Structure formats: C-alpha cells, structure tokens
> 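Handing you this structure, nothing more for now.
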Amino acid sequence: MTETAARIIDGKAVAAAVRAEVAARTATLGYRPGLAVVLVGDDPASAIYVRNKDRAANAVGIAARTIPLPASVAEAELLAVIARLNADASVDGILVQLPLPPQVRARAVIEAIDPAKDVDGFHPINVGRLHEGVATLVPCTPLGVMKLLAAAGVSLRGARALVLGRSSIVGKPMAALLTAADATVTVAHSRTRDLPAECRRAEVLVAAVGRAELVRGDWIANDATVIDVGINRLADGRLVGDVAYDEAAAVAGAITPVPGGVGPMTIACLLENTLRAAAARRSRPG
Ligand code: NAD
C-alpha cells in the first residue's frame with residue numbers, strides 16, 4: 001500500500017469550533033434557545049443519537065428536551081404533539097427523529113412542522129428556498145460538509161463536483177449547496193451507468209450512499225477532495241465509510257475519515273440551526 005498522501009480533514013476539530021461559536025453566541029442572547037426532539041419508539045440507535053443531541057445542545061446553552069412517544073403512536077397523536085410544539089414560544093427548533101413507524105406518514109409529519117422551527121431543513125418550504133438560493137434552514141449533514149470544505153480551504157467556484165447519492169437528507173441538498181457555491185455539480189446514483197468514470201472526473205467527491213467502501217482508490221482523481229458521508233458497520237464490528245479509505249487517501253489531495261469526519265458535523269450544525277431559528281424567530285416583530 002502506498003503511503004497516505006492526502007491531507008486529513010478533521011471533522012472533530014471543525015465541529016468543536018462550530019460548537020464553541022454557537023456557545024459564545026448563545027451566551028449573548030439573554031435567553032436559552034429551545035430544541036424539542038421527538039423520539040418515537042425504542043430503536044436503540046435512535047435513542048443514542050437523540051441522547052447525544054440532547055447533551056450537545058445543553059453543553060452550548062440550548063435547552064433541549066426529548067418527547068418520547070410509543071412505537072404504537074397514531075399519526076393524529078404525533079401531529080397533535082407537533083402542533084403543540086409549533087405553538088410553544090419556548091421552542092425554537094423541532095426535530096422528529098427518523099425513521100418513523102409504518103402507521104405514521106413521515107411526509108405528513110415533516111409538513112406539519114412550522115418551517116421557522118424546522119431545524120432539520122426537511123420541510124418543503126425550506127427545501128424550496130434552498131433550491132431557490134434563498135437563505136434558510138438547511139439539512140445538517142450537507143451543511144456540515146460545506147463547513148468541512150471551507151475549513152479545508154477547498155475552492156468550489158467552477159470546480160467539478162460529484163455527489164454520489166440522491167436522498168432528500170443528504171444527496172439532493174448537498175447538490176443544491178454545491179451549486180449555490182458555484183461548483184459544476186453532477187449527481188450520481190444507483191442507476192448511473194459508469195460510476196467509476198463519473199467519479200474520476202470529480203475534483204470534489206461527496207459520497208452519501210450507504211455501501212461500505214464502494215468507492216475505490218482508482219475511482220479517484222489525483223489530488224481530489226473526498227468527503228465520505230457514509231457510515232457502515234461491517235460484520236466484524238468496524239465502522240467504515242462509502243470510500244475505501246486507505247486506497248483513496250493514497251491518491252486524494254484531502255479526505256475525511258470515518259469516524260471523525262462528517263459525523264461530528266451533523267450535530268454541530270443542528271445546534272447552529274437551532275440558534276439561527278431562535279435568532280430569526282425572536283427578532284421578528286409581534
Ligand atoms: P439513502 O439510502 O436514503 O440514499 C442512498 C443513495 O445512494 C440513493 O440515492 C441511491 O440511489 C444511492 N445508491 C445506493 N446504492 C448505490 C450504488 N451501488 N451505486 C450508486 N449509488 C447508490 O441514504 P442516505 O440517508 O442519503 O445516507 C447515505 C449514507 O450516509 C448512509 O451510510 C448513512 O448512514 C450516512 N449518513 C451519515 C450522516 C452523518 O451524520 N455522517 C447523516 C446522514 C446519513
């Protein structure tokens with residue numbers, strides 16, 4: 001194996017800087033922004049994730065609370081909870097942990113959230129604003145990727161960027177943000193004809209697929225910047241990304257590790273979105 005050539009983009013350090021900035025700004029507000037996290041059912045991974053969000057929020061001066069609901073919850077009941085949170089002046093951000101049980105339509109729930117409190121940026125109004133290039137609440141993971149690219153000093157204007165994956169949570173908003181930053185963006189997905197060839201053209205490659213080590217070293221252009229959003233658990237318990245890290249690091253110019261790359265950015269950006277929602281909502285007249 002060739003020695004690692006790529007610069008490692010340290011998501012832990014960038015996330016810590018974002019959290020510190022949120023804490024500093026929150027301390028000047030004169031109130032604690034409120035974040036409500038709705039957790040349906042008892043999926044252990046979701047529970048851990050929600051607990052981490054709670055802890056991280058409280059550490060930066062955001063008052064976070066979790067609203068646990070049983071897996072059997074009726075859609076109408078969940079919608080009533082959302083309506084209460086929409087009307088609660090102490091709540092600036094509302095997040096519903098996905099996935100939801102089959103009797104609840106996730107779409108109906110997302111659309112019920114007040115767009116001004118939609119700190120996940122999944123409401124169609126916020127999605128539309130993002131695609132219009134209007135400042136809005138943006139999904140946390142792609143927002144985190146943009147911050148990593150900025151921290152690494154990657155120039156996006158005119159750059160050829162490839163987004164691998166077209167989900168509403170990562171791929172699509174990622175492509176919109178890169179386009180807004182003046183990159184020339186291609187979106188590749190499971191039906192793309194020649195994935196390696198598309199990848200090889202990219203100066204900036206963002207992989208958000210959910211397939212362990214799909215992207216090989218010989219798919220990557222010399223000196224490209226590689227951002228690996230994927231989180232995949234192997235049979236032996238190891239956590240790996242969507243990119244074969246060692247192979248990629250031998251050719252790339254810069255690369256994010258898994259774990260310690262994009263992962264820590266998601267919660268940091270959720271905190272930033274909550275602060276942003278609080279500042280915007282509470283400065284509105286009336
Ligand atoms: P998803 O399953 O909703 O979407 C995956 C996308 O990849 C789809 O658009 C699909 O077309 C594409 N795809 C699937 N198989 C493919 C293949 N063989 N070749 C090309 N494209 C293929 O997943 P998602 O929610 O976008 O998440 C993607 C990955 O990112 C997952 O590993 C997830 O765990 C991870 N993730 C990480 C964070 C974080 O905080 N770091 C946040 C969200 C998601």
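Given the structure is predicted, the values throughout are model-derived calculations rather than measurements. When a ligand or atom number is given, it counts from 1 through the structure's own listing order.
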> My understanding is that only residues two or more places apart in sequence, or in another chain, count here; which of them pass salt bridge (Lys or Arg N to Asp or Glu O under 4.0 Å) with Arg282?
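Residues passing salt bridge (Lys or Arg N to Asp or Glu O under 4.0 Å) with Arg282: Asp92.
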> Please determine whether a side-chain nitrogen of the Lys or Arg among Asp88 and Arg65 lies less than 4.0 Å from a carboxylate oxygen of the Asp or Glu.
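So Asp88 pairs with Arg65 through a salt bridge.
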> Assess the side chains of Thr256 and Asp228: does a donor N or O sit below 3.5 Å from an acceptor N or O?
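No, Asp228 and Thr256 have no side-chain donor paired with an acceptor closer than 3.5 Å.
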> For residues 124-152, which residue pairs qualify under salt bridge (charged side-chain N to carboxylate O under 4.0 Å, His left out), counting only residues two or more places apart or in two chains?
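The answer is Lys147-Glu272.
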> Are Lys12 and Asp10 within salt-bridge range, i.e. N to O under 4.0 Å?
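Asp10 and Lys12: not salt-bridged.
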> Identify, chain by chain and in numerical order, each protein residue with a heavy atom under 4.0 Å from an atom of ligand 1.
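Correct list: Thr141, Gly165, Arg166, Ser167, Val170, His189, Ser190, Leu195, Ala208, Val209, Gly210, Arg211, Leu214, Val229, Gly230, Ile231, Asn232, Val262, Gly263, Thr266.
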> Who pairs with Arg55 by salt bridge (Lys or Arg N to Asp or Glu O under 4.0 Å), at least two apart in sequence or on another chain?
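Arg55: no salt bridge (Lys or Arg N to Asp or Glu O under 4.0 Å) contacts found.
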